[in-house]
There are 2 protein chains.
Amino acid sequence: MSESKDYLYPQKWLSKASTGDRVAYELRMRIISGLIESGTILSENKLAADFEVSRSPIREALRILASENIIRLEKMGAVVIGLSEKEIEEIYDVRLLIETFVFERLIKMDTTNLALELSKTLEMMKVAIKYNDADEFSYQDVMFHEAIIRSIKHSYITMIWNNLKPVMEGLILLSMRMRFKEKYEDFNRIVKNHEMYIDAIRAKDRELMIKSLHENFDDVQGKVEDLWRSQQMLSKGVEPQND
Amino acid sequence: MSESKDYLYPQKWLSKASTGDRVAYELRMRIISGLIESGTILSENKLAADFEVSRSPIREALRILASENIIRLEKMGAVVIGLSEKEIEEIYDVRLLIETFVFERLIKMDTTNLALELSKTLEMMKVAIKYNDADEFSYQDVMFHEAIIRSIKHSYITMIWNNLKPVMEGLILLSMRMRFKEKYEDFNRIVKNHEMYIDAIRAKDRELMIKSLHENFDDVQGKVEDLWRSQQMLSKGVEPQND
DNA sequence: ACTATAATACTTGTATACAAGTATACTCAA
DNA sequence: TTGAGTATACTTGTATACAAGTATTATAGT
């Protein structure tokens with residue numbers, strides 16, 4: 001894990017991660033970005049050689065990615081599933097599903113502290129926009145939704161989130177990096193949308209929340225084609241995994 | 001993995017499983033059943049010695065159980081979380097959530113084949129009841145719900161199911177073993193309930209489906225206290241993991 | 001040219017070895 | 001008795017070795 005290649009995943013987010021986790025994060029980004037094409041067969045030995053680590057952390061990484069449904073472990077090799085538009089839609093189905101569930105619980109709770117935390121996070125997002133920091137913006141965006149989901153303290157909803165989060169984060173990272181370069185004006189809408197979400201939580205307004213969720217959904221979902229373009233862009237200079 | 005202890009998980013279901021999976025299945029049962037108490041700290045070395053395997057499959061098993069939220073990996077050792085009533089309720093929350101989602105999709109599909117498959121599975125359940133085979137019954141019960149969930153071919157809903165399934169299966173196994181001994185009359189109601197579910201799917205009757213789901217929910221959920229009693233019963237003769 | 005069989009070069013699964021870090025217990029000093 | 005510091009026995013993370021199985025390739029026979 002010490003090669004000189006460009007990494008797609010922000011290295012500073014990995015300060016405490018084990019080698020296995022690092023490999024998983026990086027491999028995930030390469031798969032989501034399309035750098036490693038769907039259908040590719042990954043071998044533990046080749047990956048170990050590429051990342052210059054032993055098979056142990058590679059195996060660990062492959063199990064993680066398999067549990068996220070972006071690869072499939074077979075008898076001989078791991079087959080890359082990747083993310084087609086269908087899968088991305090499905091991810092957002094699940095996000096909608098769990099955030100709707102969460103909101104129903106939130107309605108019965110005191111949401112003052114949560115709303116406050118979300119406001120803070122949104123402020124950070126604004127700063128990230130100001131300083132053109134796509135990665136930091138993505139991080140805060142993910143934290144925004146994580147804060148909402150964790151707030152109801154439902155361990156099995158949190159479990160689903162934990163399984164979904166890495167892929168979501170990857171998607172958001174790629175999407176935001178592209179937009180910071182090409183669609184800077186998008187961020188006004190994104191900020192507005194998050195403000196709407198906070199208002200919905202503060203006011204416990206179910207309709208407003210659904211509206212905001214769906215707009216956020218359309219915001220990412222509708223722009224998938226752009227994302228694929230951006231992936232082409234980001235893929236330059238790094239060679240594919242397999243021959 | 002060749003010790004002479006009594007196993008809680010049906011060994012014949014593990015014919016093709018790797019050592020790591022076997023350990024995971026067995027450990028999961030011991031945790032769910034309360035045989036290994038919540039709060040216990042599991043060490044890889046001790047587990048490896050107990051199961052008479054190396055640390056590699058043990059590590060694999062621990063990762064699996066951690067992703068299912070029944071243990072928590074820490075710096076020194078894995079802490080058993082287990083299943084309190086809160087967790088069991090949460091599992092059923094999620095089952096309700098995803099099965100409701102699935103049903104909405106089913107309504108837009110041709111459900112003839114699915115209804116047929118479910119009828120077949122239900123027949124098998126009846127045979128299992130007739131021959132007093134709790135494990136076979138549990139297996140078919142799980143397959144019943146799995147068939148429904150898989151039928152919509154939604155990879156991320158399937159992913160959630162895959163994460164939930166092992167724990168659900170364990171709960172059902174323990175619950176059914178107890179009932180076959182103590183509450184045989186329950187099975188009439190369970191069969192009726194599954195028939196209702198099939199009818200709902202065939203007729204695409206949303207209300208009937210919700211009714212059946214909730215009854216099934218109450219059926220297991222309401223009987224948690226019994227389950228704990230049964231766990232005591234099943235736990236006899238096997239000593240705990242830790243000292 | 002084509003099939004059957006054997007050799008080979010891969011694959012994963014498991015066991016083991018070693019390194020680095022952490023908690024515990026013990027020793028020595030005040 | 002109490003406290004600081006050190007030794008020790010544990011822990012996990014990673015690398016490596018080996019075994020068993022599978023696909024592919026090469027070879028021999030027709």
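By convention in this document, chain letters (A, B, ...) are assigned in the order of the sequence lines, proteins followed by strands, and residues within each chain are numbered from 1.
Rounded to an integer number of Å, the gap from CD of B:Glu74 to C1' of D:dC10 is 16 Å. We find that CG of B:Leu62 is positioned 14 Å from C1' of D:dG13, with the value rounded to whole Å. C:dC10 atom P lies 16 Å from atom CG of A:Leu47, rounded to whole Å. Between the P atom of D:dA23 and the CD1 atom of A:Ile41 lies a distance of 11 Å, rounded to the nearest Å. When the P atom of C:dG13 is taken as reference, atom NZ of B:Lys16 falls 14 Å away, rounded to whole Å. Between A:Glu44 atom CD and C:dG13 atom C1' the separation is 9 Å, expressed in whole Å. Distance CE (B:Met76) to P (C:dA23): 6 Å, rounded to an integer number of Å.
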B/S/- along nucleotides 14-20 of chain D (protein heavy atoms under 4.0 Å) is BBBB---
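At the phosphate of D:dC10, neither OP1 nor OP2 sits under 4.0 Å from any side-chain N or O atom of B:Asn45.
For B:Asp93 and A:Arg105, the salt-bridge test passes: some basic side-chain N is under 4.0 Å from an acidic carboxylate O.
For residues 146-167 of chain B, the set of pairs meeting the salt bridge (charged side-chain N to carboxylate O under 4.0 Å, His left out) definition, not counting sequence neighbours, comprises B:Glu146-B:Arg150, B:Glu146-B:Lys165.
In this structure, CD on B:Glu90 lies 11.0 Å from CG on B:Leu164, to the nearest 0.5 angstrom.
In this structure a side-chain-to-backbone donor-acceptor pair under 3.5 Å is present from A:Thr158 to A:His154.
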Apply side-chain hydrogen bond (donor to acceptor under 3.5 Å, both in side chains) to A:Glu169 and A:Tyr25, showing your working.
CA-CA 10 Å; A:Glu169 185 181 72; A:Tyr25 275 108; 5.1 Å; no
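With hydrogens and angles left out, the side-chain atoms of B:Glu87 and B:Ser84 include a donor and acceptor closer than 3.5 Å.
Taking five base pairs at each end of the helix from C:dA1-D:dT30 to C:dA30-D:dT1, the local helix axes there meet at an angle of 20°, rounded to 10°.
Within 6.0 Å of atom NZ in B:Lys86, more than 12 heavy atoms from other residues, nucleotides or ligands are found, so the atom counts as buried in its surroundings.
Taking the side chain as every heavy atom from C-beta outward, A:Ser38 and A:Ile81 never approach each other to under 4.5 Å.
Taking the six-membered ring where tryptophan is involved, the planes of B:Tyr139 and B:Trp13 are tilted, since the angle between them lies from 30° to 60°.
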